[in-house]
Each structure stands twice: as C-alpha cells, then as structure tokens.
There are 2 protein chains.
Amino acid sequence: MRTLNPRGKTLVDLWLASELLSARIDHTLGAVHGIGYVEFMVLYQLAHSPGLRMRRVDLATAIGRTASGVTRLLRPMEKTGLVARDSSDRDARVSLVTLTPAGRQRLEDALSTMNELGQRLTQSVGDSQLDSTAAALAILRD
Amino acid sequence: MRTLNPRGKTLVDLWLASELLSARIDHTLGAVHGIGYVEFMVLYQLAHSPGLRMRRVDLATAIGRTASGVTRLLRPMEKTGLVARDSSDRDARVSLVTLTPAGRQRLEDALSTMNELGQRLTQSVGDSQLDSTAAALAILRD
DNA sequence: GACTTATACTTGACATATCAAGTATAAGTG
DNA sequence: CACTTATACTTGATATGTCAAGTATAAGTC
C-alpha cells in the first residue's frame, strides 16, 4: 500500500497530538473555569490585541472559525459578561468584540491552569526539542 | 497581565496550527475525495491495524473521539461502503469495523493528496526542524 | 453458580460548528 | 453621482460531536 511521506505524516501526527491534547485541556478548563478551549482562545486573542478589542471577522480568522461560528460562539459569552459588544465609528458594518474586566479576570485564572497543563502534558519532551517544535508550529500557523 | 510560560504557549501554538491547517486539509479532502479529515483518519487507522479491522472503542481512542461519536461517524461510512461491520467470536459485545476494498481504494487516493498537502503546507519548515517536530508530536500523542 | 462490577456499544437530548443566503454598509468605477 | 462589487455580520438548515443513560455481555468475587 502507498504510504505517507514524512511531511504528510507530520500533518497526521499534528492532528492526532492536537486532538488528544485538546480534549484533555478542554475538559480541565471546563471543570475548573467553566470555559472551553475555544472560549479560552477568544479571551487570549482579545487580551493580545490593541485596545483589548477586535472585529469579529479578525477574531474568526485568528482562531480558525467562520464568521458565523464566531457569532454563535460569542452570544453566550456576552450573556455571561466575559466579552461585550462595541461599534466602530469608522465602519457601521463592524461589531467589535471587547474584553470585559470579568473576561480579563477569567483569562488570568485560566492562564495559570494552562501553564500547569503545559508543564504536565509536555513533560516528556526536552527543552530544546520543544523550542524547535514551538518555532515550527508558529511557522505552520500561516 | 500574567502570561503563558513556554510550555503553555506551545499548547496554544499547537492548537492554532492544527485548527488552521485542519480546516484547509478538510476542505481539500472533501472537495477531491468526498471525505473529511476525520474520515480519512478512520481509514488510515484501519489500514494500519492487523487484519484491517478494529474494535469501535479502540478506534475511538485512536482518533480522539468518544465511542458515541464513532457510532455516528461510521454510520454514513457503512452506507457508502467505505467500512463494514463485523462481529467478534470472542466477545459478543464487540462490533468490529473493517476496511472494505472500496475504503482501501479511497484511502490510497487520499494518501497522495495528503502527501501533496504535506509538501505544500510545510514547505516553509526545514527538514531537520520538521523531523524534530514530528518526533515531539509523536511523544505528545500519549 | 449467583451477584456485583466493568466493558462495548447505541440512543436521546443537546452543544457547537459549517454553509448558503440575506441584510446592511463601504469601496471601487464609469 | 449612480451602479456594481466587496465586506461584515446574522440567521435557517443541517452536520458532527458530546454526555448521560440504557442494553447486552463479560469478568471478577464470594
């Protein structure tokens, strides 16, 4: 049977590693902070954007979701006050997502859990190998 | 604001890289072969298992899904004849999933697409860095 | 061998995502 | 300026996944 070449296999390994780890992270974040991995990423991206706010389209591409998905994802987050809605004075089509103080606080809490998870889940990988992996992943994001 | 430590950040980078790449791979596989990334992984795992068959639970853990998810995932694949159902003579609870010739052929076709995608999507990462990354991902799978 | 506990799978209820289409506004073009 | 095209967002229909509970069979225990 035909087999995968090294780069094709890397794609598969990436998918497998991500799926398995994400499930565990998702459960932990859910149990400890009441948010899923995707919601964590929303808070994280907002915290790293200028003014703690983003357009919904930009958020969508940043987290690999569609605009429609973002609309539905943010609705409950608005209700629980983790994010809020703002309008742009330059473009009336735009609806900005902003990080509320409550969202900021929730992110703070979740960050420490993520740090612990990072230590635990990657403990069998050495520092130098991890550095090289992180660098490669950053490149692959584009 | 508190920040992620290097290992926490690696988790985030892994998630981002995987989400963004998976979306593209999923679309390509769907357009060219009529299967999604998860379905490809089912065929791939079956092809690499002894006898081209697996228990549903084992398949579930292998691809990071629940048993329930596997039940629902396989139903359409059985209908289209990519996989078939078999029973175990050792354990009457077990329902084995087997790779059909049609499934095997579909996998063959998809493998070449995956190889091309692998080349294209990882072209900006050098060989040695990719090797190290693949090794790290393999470790992280557990 | 009867009784408890564990495992394999399926199903109902629900969560979360996509796509295609619709609305509103902006930007480009003659 | 009128007209076409592009962009930002939302919504209806639908796909795909989870969890909790149920059924069937196996394995462990006394």
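In what follows, every chain begins at residue 1, and chains take the letters A, B, ... in the order their sequences are listed.
With sequence neighbours left out, the side chain to side chain donor-acceptor pair (under 3.5 Å) criterion links A:R53 to A:D86.
Of the possible polar contacts, one joining the B:T122 side chain to the B:G118 backbone as a donor-acceptor pair under 3.5 Å is found. B:T133 places no side-chain N or O within donor-acceptor distance of the main-chain N or O of A:A136, the cut-off being under 3.5 Å. For A:S49 (side chain) and A:L46 (main-chain N/O), a donor-acceptor pair under 3.5 Å exists by modelled atom type. Judged by distance alone, with hydrogens and angles left aside, the side-chain atoms of A:T71 form a donor-acceptor pair with the main-chain N or O of A:A67 at under 3.5 Å.
Using a 4.5 Å heavy-atom threshold, the side chains of B:L107 and A:R2 count as separate. B:V125 is not listed as a side-chain neighbour of A:T10, based on a closest heavy-atom distance of 4.5 Å or more.
Within the structure, the side-chain hydrogen bond (donor to acceptor under 3.5 Å, both in side chains) test picks out the following pairs touching residues 27-47 of chain B (sequence neighbours left out): B:H33-B:T113.
Nearer to the 5' terminus of DNA chain D, by closest-nucleotide assignment, is the contact made by A:R85 (compared with the other of A:H27 and A:R85).
Within the 4.0 angstrom heavy-atom criterion, only backbone atoms of the sugar-phosphate kind lie near B:S95; the bases stay farther away. Residue contacts for B:A67: at a heavy-atom cut-off of 4.0 Å it reaches a base atom on one of the strands shown.
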List every contact pair, protein side and nucleotides 15-17 of chain D side both N or O, where the distance is under 3.5 Å.
none

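Salt-bridge annotation for A:D127 and B:R7: present, with a side-chain N of the basic residue lying under 4.0 Å from a carboxylate O of the acidic one.
At a cut-off of 3.5 angstrom, the base of D:dT11 holds at least one donor-acceptor pair with the side chain of A:S68.
Between A:I35 and the choices A:D109, A:L43, A:D26, A:T80, the side-chain contact (heavy atoms from CB on, under 4.5 Å) rule is met once, by A:L43.
Note on A:R75: a side-chain N or O is less than 4.0 Å away from OP1 or OP2 of D:dT11.
Along DNA chain C, read 5' to 3', the first and last nucleotides having any atom under 4.0 Å from a heavy atom of chain A are C:dA17 to C:dA26.
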Donor-acceptor pairs under 3.5 Å, side chain of residues 56-66 of chain B to any protein atom, not counting sequence neighbours: which ones?
| unit_1 | atom_1 | unit_2 | atom_2 | d |
| --- | --- | --- | --- | --- |
| B:R56 | NH1 | B:S95 | OG | 3.2 |
| B:R56 | NH2 | B:E78 | OE2 | 2.9 |
| B:D58 | OD1 | B:R55 | NH2 | 3.3 |
| B:D58 | OD2 | B:R55 | NE | 2.9 |
| B:T61 | OG1 | B:D58 | O | 3.1 |
| B:R65 | NH1 | A:E19 | OE1 | 2.9 |
| B:T66 | OG1 | B:G69 | N | 3.0 |

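Each end of the helix from C:dG1-D:dC30 to C:dG30-D:dC1 gets its own axis, taken as the rotation carrying the C1' atoms of four end pairs onto the next four within a five-pair window, and the two axes meet at 30° to the nearest 10 degrees.
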